[in-house]
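Notes for the one structure printed next.
This one's a predicted model, so the numbers in the text were calculated from it and none came from an experiment. Residue numbers begin at 1 in each chain, while the letters A, B, ... track the order of the sequences.
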Protein chains: 2
Amino acid sequence: MAKYDSDLSLLFHALSDPTRRALLTRLAAGPAPVTELAAPTGLRLPTVMRHLSVLEEAGLIATSKDGRVRSCAIVPEALAPVRTWLDEQRNIWESRLDRLDSYVMKIMEERAK
Amino acid sequence: MAKYDSDLSLLFHALSDPTRRALLTRLAAGPAPVTELAAPTGLRLPTVMRHLSVLEEAGLIATSKDGRVRSCAIVPEALAPVRTWLDEQRNIWESRLDRLDSYVMKIMEERAK
DNA sequence: ATCATAGTTAGCCACATGGCTAAGTATGAT
DNA sequence: ATCATACTTAGCCATGTGGCTAACTATGAT
């Protein structure tokens with residue numbers, strides 16, 4: 001249960017679809033209305049709408065409606081938690097390498113006796 | 001179709017589950033057999049096995065069997081494509097932000113409420 | 001040879017996901 | 001007032017996902 005119990009799960013899930021990543025990349029060039037976003041995907045509007053909803057619920061994009069046009073824009077800081085998690089993982093791994101290193105050193109010193 | 005048509009999709013999908021991220025974090029401390037990995041999750045063995053399969057198919061871990069024990073270990077460089085993608089996006093997104101498009105800012109402020 | 005341990009495989013279940021069509025709503029143009 | 005545009009909602013379908021139990025295999029210990 002509570003499959004997406006954190007921002008991180010929502011974010012990673014949103015990013016796991018190629019269509020959604022393509023939408024993000026397109027939006028990086030600037031805001032765009034839904035129909036314009038849908039065009040290059042080859043998908044129907046409702047399908048694209050749902051992809052956009054996933055992106056919005058993950059906080060990766062923000063939308064606003066002006067007249068009958070809904071404009072979508074990227075939320076640049078939304079990727080921060082992903083970066084943080086990646087950095088943490090790297091740090092843990094490196095500290096493990098350090099420990100392994102000192103362990104090896106210890107053994108080598110032991111043998112040097 | 002071809003939902004996970006790239007490494008990136010496989011990776012993001014693998015990372016989108018809290019249990020799998022927890023497994024990775026545990027494995028960052030060093031290799032471990034399946035049963036030991038399963039213990040803290042509160043999940044049954046077959047369930048954990050499948051999570052491990054997803055991680056392995058994404059290339060995030062590697063496993064090997066010694067006797068009846070299967071040992072799982074992290075593949076640290078597997079996260080590289082994710083980092084790369086993230087860096088690319090950040091570069092695009094930030095250069096976009098540098099232009100300070102007032103329309104984007106307006107939407108972001110709207111959503112911040 | 002027997003038993004315990006550590007996976008492994010098969011299969012069931014409820015729900016989520018990604019695609020669609022069809023029909024509805026709201027707004028700009030004529 | 002009418003019509004086209006731009007979503008929006010509802011709902012169908014096939015497949016995927018994450019959990020489980022039960023039963024099986026393989027290996028180490030006695």
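- At whole-Å resolution of the value, CG in A/D17 and C1' in C/dT17 are 9 Å apart.
- Taking atom CZ of residue A/R70 and atom C1' of nucleotide D/dT9, one finds them 13 Å apart after rounding to whole Å.
- Between the CG atom of A/D66 and the P atom of D/dT5 there is a distance of 19 Å, given to the nearest Å.
- Against DNA chain C, the stretch residues 39-55 of chain B makes heavy-atom approaches under 4.0 Å through B/L45, B/P46, B/M49.
- The line from CG of B/D17 to CG of B/L23 is 8.5 Å long, rounded to the nearest 0.5 Å.
- When side chains are defined from C-beta on, A/V34 does not count as touching A/T63, because their heavy atoms never get closer than 4.5 Å.
- Here the nucleotide nearest the side chain of A/P33, chosen from C/dG7, C/dA4, D/dC7, is D/dC7.
- For residues 22-47 of chain B, the salt bridge (Lys or Arg N to Asp or Glu O under 4.0 Å) pairs, not counting sequence neighbours, are B/R26-B/E36.
- Here the CD1-CG distance, from A/I74 to A/L55, works out to 9.0 Å after rounding to the nearest 0.5 Å.
- One atom, NZ of B/K65, and another, P of D/dG28, lie 10 Å apart when rounded to the nearest Å.
- For the pair A/V75/A/E77, a side-chain contact is recorded, criterion being any heavy-atom separation below 4.5 Å from C-beta on.
- Spacing between atom NE2 of A/H13 and atom C1' of C/dA16 amounts to 8 Å, rounded to whole angstrom units.
- Here the side chains of A/R90 and B/R83 are in contact, with some heavy-atom distance below 4.5 Å.
- Distances shown here put every side-chain N or O of A/T19 at or beyond 4.0 Å from the OP1 or OP2 atom of C/dG18.
- One interatomic measurement links the two molecules: CZ of A/F12 to P of C/dT17, which rounds to 17 Å at whole-angstrom precision.
- Computed from coordinates, the B/L23 CG to D/dG18 P distance equals 12 Å when rounded to whole Å.
- In this structure, CG of A/L37 is placed 13 Å from P of D/dA6, rounded to the nearest angstrom.
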